[in-house]
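Below: the structure, in structure tokens.
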Amino acid sequence: MPKDTFYITTAIDYTNSAPHIGHAYEKLLADVIARYQRSCGKEVYYLTGVDQHGQKVQQSAEREQIPAQEFADRNTAKFIEMWQLLGLQYDGWAATTHPQHKAVVQAILQKLYDAGQIYKATHTGYYSVRQEQFLTDKERNEEGEFGPEWGEVEEREEENYYFKLSDHIEWLKAFVHAHPHFVYPAFRAKELVNALERADAIDLCITRPKSRLEWGIEIPFDTDYVTFVWFDALINYISFAGYLKDEVAVDTAGLPDFEALWPADVHLIGKDIMVPAHAVYWPIMLHAIGFPDEAMPKLVVHGFWNDKRGEKLSKSEGNVIDPATRVERFGREGLRYYLMSAIATGRDADFNDERIEDAYSQDLAKNLGNLLNRSLNMPKRYRERVLTKDADYDDDLNREIRETFTTLPERVAEKMANYQVNLALEVIWSALTLCNQYVDKTAPWALAKDENEAVRLDSVLYHLAEAMVHAAFHIAPVMPETSQRMQDQLNYHFPEGFTVADLKWGLLPDGHQLGEGTPLFPRLT
RNA sequence: GGGCCUGUAGCUCAGCGGUUAGAGCAGGGGACUCAUAAUCCCUUGGUCGUGGGUUCGAAUCCCGCCGGGCCUACCA
């Protein structure tokens, strides 16, 4: 039975540096999906947050001689500031230093330890003293040696705790085989299947001795160790959803009801952290904890933004994209529209400033903004802004407009079911183009000159204004403020709790008085 | 080394075995005036990265090569 809640999460960002366009894209996509589901009447819970622990945070903090928490908090503030800039509306904030989260992580570790899923073992390997980490063959350079960037490399032994990943690999293979929609899109699911086929049954090291990493969650059964990355970070998806909140009630203020939310409808992640973290460790952790197959979350894997030459964005290349400067030029919603329209969910895309410029002036200023403006201006000139609802006139052009807008919700839903926001926008924009063509074909300025065409003019003006109301509804997930401004200008506001099921033709009453039209997206200078 | 994705008009992409390869934007021409010189109509433009192969038929399937990207299980 489908639940009427919709639980969506994103990866939680590492607080070692400031947010960039990739972080922004992921959180924005989640925001749009969340708003869309809400507009469909779902009770939505959108969780995002930050991963604050770990060695890099500890090292950076030491370098600046400040406490790790202070360092993490400072970067956390940059993320929050960015999310405000983008107008994100999330319901839960997962910061991994939160006491309730720590307590849940510890409770889970204890439970798995008691169940014999965690054991202690010794690892011998090459260790970089400077970087304070063990090195693997991947760190070797082309000559097969560890380069000077690692400093002094020595052979070292270390005891750690391991999680019995190997016990569950066969289960995971069977699960993935039986649940082809565990990962979206399909080609990523294929990638996972291939990765699992070649997988060795290796266990996962889940601790670090405090002697080299203190900035983490202490494991409950051995105070000399803290837990390492994934056992901390991945658990945020359940700890901040209210998991174990009765059993482990340290600080449960504001936590939702876990039973109502779980399983997550969407774990939105980047392609870089699918294998092994989210598609191997995470389902196995849940399975080991005792979650049944039907309580496994769904993964939605998105692609990356590259630069306009198709090359990776990176600090060292000097081609990073700062969202703030684009917001300054194109407005918050100009950037939101571009980031949602110019990439196919799951694929990579090239970030191109000329394309944002085009999207802003063509799609937003002209096709949408100017359409609203003309739709408001003609009633103002010819009818003192008052609409007549059931004018005694109809024809094929009118019917086409009504049909297009009454079928729009299902056509948008078809695309949104696969998170294809870009295609949903395309469908919406083709309806806007139809409106522009409609104005041209009906030529209201000509009708206005002929008294015999008065009823027809009434019907045209009504169809246009009503279409704009519907458009305001459909663009809302991507551009909530623009939707609001359209409603203001149309002098019609969707009532509280209005959903797509209420979106019927004829929302504007007879005698409706339209508001004043002002450009939604002023021309760029 | 292995896996997955990707290379199609100037740009961003769709098409993924079958009539003359499509869309949006940009470029060119025309119409119209309600509007943020806006909208509408028409139009220029491509040996589908490259070399082979399979097939009656390939952008579409297979193999090699070249370019771009992600992952490869204890470096978010």
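Order of the sequence lines sets the chain letters (A, B, ...), proteins ahead of strands, with each chain counted from 1.
- When heavy atoms are screened at a 4.0 angstrom cut-off, A:Leu520 is found touching base atoms of the nucleic acid.
- Among the heavy atoms of the strands, none lies under 4.0 Å from A:Gly54.
- No side-chain donor from either of A:Thr227 and A:Thr207 sits under 3.5 Å from a side-chain acceptor of the other.
- Put simply, A:Arg347 has no side-chain N or O that comes within less than 4.0 Å of OP1 or OP2 on B:C5.
- For the pair A:Glu333 (side chain) and A:Thr482 (backbone), a donor-acceptor distance under 3.5 Å is present.
- A cation-pi geometry, defined here as NZ or CZ lying under 6.0 Å from the six-membered ring centre and within 45° of its normal, holds between A:Lys271 and A:Phe304.
- Listed pair A:Tyr438 / B:U39 fails the phosphate criterion, with no side-chain N or O lying under 4.0 Å from OP1 or OP2.
- You'll find the ring centres of A:Phe240 and A:Trp93 outside the 6.0 Å limit.
- Atom C1' of B:A14 sits at a distance of 11 Å from the matching atom of B:A21, rounded to the whole Å.
- Neither OP1 nor OP2 of B:C32 sits under 4.0 Å from any side-chain N or O of A:Lys441.
- Counting any heavy atom pair closer than 4.0 Å across all strands shown, A:Val275 reaches sugar-phosphate atoms only and no base atom.
- Nucleotide B:G27 is matched to B:U43 when pairs are restricted to Watson-Crick or G-U wobble geometry with both distances under 3.5 angstrom.
- When heavy atoms are screened at a 4.0 angstrom cut-off, A:Leu196 is found touching base atoms of the nucleic acid.
- Across all strands shown, A:Trp230 has heavy atoms under 4.0 Å from sugar-phosphate atoms exclusively, and none from any base.
- Look at A:Asn367 and you'll find a side-chain N or O under 4.0 angstrom from OP1 or OP2 of B:U39.
- With both ends at atom P, the span from B:G46 to B:A23 equals 15 Å, rounded to whole Å.
- Note on A:Asp272: a base of the nucleic acid sits closer than 4.0 angstrom, heavy atoms only.
- Residue A:Arg188 is out of contact with every strand shown, counting any heavy-atom pair closer than 4.0 Å.
- Between A:Gln437 and A:Glu354, it is A:Glu354 whose nearest contact on RNA chain B lies nearer the 5' terminus.
- In this structure, the side chain to side chain donor-acceptor pair (under 3.5 Å) partners of A:Asp488, at least two apart in sequence or on a different chain, are A:His493.
- Counting any heavy atom pair closer than 4.0 Å across all strands shown, A:Arg381 reaches sugar-phosphate atoms only and no base atom.
- Residues A:Ile12 and A:Ala365 both approach RNA chain B. Their nearest nucleotides, taken by heavy-atom distance, put A:Ala365 toward the 5′ side.
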